[in-house]
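Below: one structure in structure tokens.
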Amino acid sequence: MKITTSDFGLGSQLFTIENKKGMRIAFTNYGARIVDWVVEGKHIVLGFDCAQEYQEKDIFPGATVGRIAGRTKDGLVVINGQSVQLEQNDFPQAIHGGSNPSQAQIWQAQTFQKEEEAGVEYTLRLKDGEGGYPGNLDFTTIHTFNEAGEWKIEYRAVSDKDTVFNPTGHVYFNLNGEADQPIDNHELQIAASRYVPLLDQSQVVRGDLVEVTGTPFDFRTPQTLSEVFSSSDPQIRLVDGLDHGFLLDERNLAKEQARLTLGKLSVSTYTDQPSVVIFTANFGDMGTVYRGKPEAHHGGITFETQVAPGSPQIPELGDITLSAGETYQATTIYKVNLGE
């Protein structure tokens with residue numbers, strides 16, 4: 001494994017790792033994010049060329065998002081039976097950690113290198129009261145890349161007060177290799193029998209779980225995304241694509257929970273989290289420019305592993321409270337598969 005470090009702007013660094021198969025992946029401590037992943041000459045994730053572009057264009061691509069990923073209805077959470085008002089930075093909702101979240105900060109970073117893998121360990125302290133969140137939170141994220149073509153993300157956190165915590169990674173995949181080519185030609189598979197419908201265009205949850213059988217949300221066998229996008233289903237039409245949480249059938253890191261496929265190239269998702277949020281970059285003509293290419297409508301797709309947004313309304317999704325002194329731990333792995 002080979003790892004190199006270079007300047008990425010705004011006081012941040014870029015860490016580039018290459019394995020013996022010629023796969024190359026790049027991370028930065030600006031937002032503890034993935035910037036690039038090159039497989040057989042294709043850039044299979046969306047990213048920018050410097051930290052300034054993330055600051056000016058879009059802070060989310062590839063980032064470690066926290067403290068809570070997704071929308072929180074009216075910015076209200078309950079901790080120890082008491083309602084806590086979070087910053088309503090997407091009024092009236094709270095979204096993606098508020099106005100000074102983890103994805104907008106430069107983390108401390110330490111690289112490591114072994115024979116079969118290399119990576120970066122990032123650390124960040126989020127301060128008590130920022131965004132309305134209780135507790136000083138010490139947040140660690142570790143990005144590891146190995147010879148098997150696996151990118152592993154490990155999350156750890158400890159707070160000095162009872163709080164809420166539900167981070168994720170916000171990588172956008174596009175196996176075409178170019179942002180101006182939509183993902184309509186990709187196949188998607190998810191090991192989930194239920195999904196979380198949205199209430200309206202506010203994109204907060206309706207409050208129930210729905211069986212996927214007989215709907216365009218049934219990805220238990222692979223579906224081509226063009227067929228999904230052309231569906232007349234009201235939930236698809238509401239956001240012109242997917243922006244929904246899927247409750248995984250089995251919480252098991254060893255199980256393939258999702259797969260994105262284009263021809264002989266695919267990416268598998270493994271996680272110990274209960275849900276994956278799929279967002280298909282439903283930006284219409286409002287997408288940004290990546291590496292000189294204007295983003296197509298449906299120019300990327302996320303696999304945001306977490307407790308799906310809406311847990312205050314739907315307790316079955318999971319508990320996002322984190323007690324003082326308790327260690328939060330979670331792991332997600334994305335693996336590239338190259339067909340014969």
Side-chain angles (χ1 to χ4, degrees), residues 3-19 22-66 69 96 101-107 109 111 118-120 122 141-145 149-153 167-183 186 260 262 265 267 269 279-283 286-305 332-336:
I3 183 167
T4 57
T5 302
S6 57
D7 180 71
F8 200 58
L10 300 180
S12 68
Q13 296 173 299
L14 184 72
F15 310 99
T16 303
I17 304 171
E18 186 170 351
N19 68 11
M23 289 187 197
R24 189 172 72 251
I25 199 165
F27 308 119
T28 179
N29 58 331
Y30 182 66
R33 77 183 72 234
I34 186 172
V35 171
D36 198 6
W37 193 350
V38 181
V39 179
E40 295 189 329
K42 287 185 175 182
H43 300 270
I44 66 167
V45 303
L46 303 186
F48 300 122
D49 292 328
C50 62
Q52 289 93 330
E53 285 192 83
Y54 287 97
Q55 188 178 77
E56 295 168 2
K57 293 179 177 180
D58 190 342
I59 202 69
F60 299 124
T64 298
V65 175
H96 287 337
S102 60
Q103 60 267 24
Q105 300 192 44
I106 296 177
W107 300 49
T111 61
V120 188
Y122 313 93
T141 300
I142 304 169
H143 286 176
T144 305
F145 187 58
E150 296 172 331
W151 164 36
K152 180 169 68 173
I153 311 170
T168 196
H170 208 291
V171 59
Y172 284 99
F173 288 97
N174 185 326
L175 304 187
N176 292 304
E178 301 288 353
D180 62 350
Q181 297 180 35
I183 56 167
H186 292 40
L260 183 70
L262 179 64
L265 173 63
V267 176
T269 301
F279 174 56
T280 51
N282 313 315
F283 297 129
M286 300 298 289
T288 188
V289 175
Y290 291 96
R291 303 185 182 102
K293 299 290 183 67
E295 182 183 10
H297 184 41
H298 302 144
I301 182 171
T302 70
F303 293 82
E304 301 171 55
T305 56
T332 291
I333 299 169
Y334 299 103
K335 184 181 188 324
V336 163

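Keep in mind the model is a prediction, meaning the values are calculated, not measured.
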**Message:** Looking at every non-hydrogen atom in both residues, tell me the closest pair between Thr16 and Ala26 and how far apart they are.
**Reply:**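 Looking at all heavy atoms of both residues, the closest pair is OG1-CB, 4.0 Å.
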
**Item:** Side-chain heavy atoms of Val38 within contact of Met23, under 4.5 Å
**Value:**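 Answer no - side chains too far apart.
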
**Request:** Measure across His186 and Asn176 and return the closest heavy-atom pair with its distance rounded to 0.1 Å.
**Result:**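 Looks like CE1-ND2, 3.4 Å.
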
**Prompt:** Rounded to the nearest 0.5 Å, what separation is found between the CG atom of Asn19 and the CD atom of Glu150?
**Reply:**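 Going from the CG atom of Asn19 to the CD atom of Glu150 covers 11.0 Å.
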
**Prompt:** Can you check whether His298 reaches Asn282 side chain to side chain, under 4.5 Å on heavy atoms?
**Reply:**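 Yes. Closest side-chain heavy atoms under 4.5 Å.
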
**Request:** Could you tell me whether the side chain of Val39 reaches within less than 4.5 Å of the side chain of Val267, counting heavy atoms only?
**Result:**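 No, every pair of side-chain atoms sits at 4.5 Å or beyond.
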
**Item:** Option among Phe283, Phe48, Tyr54 that satisfies the ring pair (Phe, Tyr, Trp, His ring centres under 6.0 Å) test with Tyr290
**Value:**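 The passing option is Phe48.
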
**Asked** Thr64 versus His143: any side-chain heavy-atom pair under 4.5 Å?
**Response**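 The answer is yes, as the side chains (C-beta and beyond) meet within the 4.5 Å cut-off.
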
**Nearest-0.5 Å distance, CG of residue Leu260 to CG of residue Leu175** =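 Separation between the atoms: 4.5 Å.
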
**Separation of Leu10 CG from Cys50 SG (nearest 0.5 Å)** =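 One finds 7.5 Å between SG of Cys50 and CG of Leu10.
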
**Request:** Could you pull out the closest heavy-atom pair between Gly66 and Ser102, with the gap in Å?
**Result:**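 That closest heavy-atom pairing would be N-OG, 3.0 Å.
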
**Asked** Side chain of Asn174, backbone of Ile183: donor and acceptor closer than 3.5 Å?
**Response**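 Pair absent, no side-chain N/O of Asn174 close to backbone of Ile183.
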
**Asked** Would you say Val171 and Trp37 make side-chain contact, with heavy atoms under 4.5 Å?
**Response**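 Of all side-chain heavy-atom pairs linking Trp37 with Val171, none is under 4.5 Å.
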
**Check against side-chain contact (heavy atoms from CB on, under 4.5 Å), Ile153 and Thr305** = CA-CA 11 Å; Ile153 311 170; Thr305 56; over 6 Å; no

**Prompt:** Where is the tightest heavy-atom contact between Ala109 and Phe15, given as atom of each residue plus distance?
**Reply:**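 Heavy atoms only, the tightest pair is CB-CZ, 3.7 Å.
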
**Request:** Can you sort out the partners of Glu18 under salt bridge (Lys or Arg N to Asp or Glu O under 4.0 Å), two or more places apart, ordered by chain and number?
**Result:**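 Scan of Glu18 (salt bridge (Lys or Arg N to Asp or Glu O under 4.0 Å), adjacent residues dropped) gives none.
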
**Request:** May I have all residue pairs that pass side chain to side chain donor-acceptor pair (under 3.5 Å) and include part of residues 41-51, sequence neighbours excluded?
**Result:**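 Residue pairs with at least one partner in residues 41-51: Asp36-His43.
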
**Polar side-chain atom of Asn29 near backbone of Trp107 as donor-acceptor pair, under 3.5 Å** =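 Pair found, side chain donor or acceptor close to backbone of Trp107.
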
**Request:** Spell out, as yes or no, whether a donor-acceptor pair under 3.5 Å connects the side chain of Arg33 to the backbone of Gln103.
**Result:**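 Yes.
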
**Request:** Measure the shortest side-chain to side-chain distance between Phe27 and Trp151 over non-hydrogen atoms and say whether it is less than 4.5 angstrom.
**Result:**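 Side-chain contact under 4.5 Å: yes.
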
**Asked** Rounded to the nearest 0.5 Å, how far apart are OG of Ser12 and CD1 of Ile106?
**Response**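 The OG atom of Ser12 sits 5.0 Å away from the CD1 atom of Ile106.
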
**Asked** Given side chains that start at C-beta, do those of Glu295 and Leu46 come closer than 4.5 Å, heavy atoms only?
**Response**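 Heavy-atom side-chain distance check passes, below 4.5 Å.
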
**Request:** For His170, check ring pair (Phe, Tyr, Trp, His ring centres under 6.0 Å) against everything at least two apart and list the hits.
**Result:**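 Per chain and number, His170 pairs via ring pair (Phe, Tyr, Trp, His ring centres under 6.0 Å) with Phe60, His96, Tyr172.
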
**Message:** Let me confirm one number: the OG1-CG distance from Thr288 to Asp58, rounded to the nearest 0.5 Å.
**Reply:**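 Nearest 0.5 Å value for the OG1-CG distance: 7.0 Å.
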
**Request:** Keeping the roles fixed (side chain from Thr168, backbone from Ala69), state whether a donor-acceptor pair exists under 3.5 Å.
**Result:**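 No, because the side chain of Thr168 does not come within donor-acceptor range (under 3.5 Å) of the backbone of Ala69.
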
**Asked** Does CD in Gln52 sit with more than 12 non-hydrogen atoms of other residues, nucleotides or ligands closer than 6.0 Å?
**Response**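 Yes, the 6.0 Å shell around CD holds more than 12 heavy atoms from other groups.
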
**Message:** Using 0.5 Å steps for rounding, measure from the OH atom of Tyr30 to the CZ atom of Phe8.
**Reply:**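 Going from OH on Tyr30 over to CZ on Phe8, the span is 10.0 Å.
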
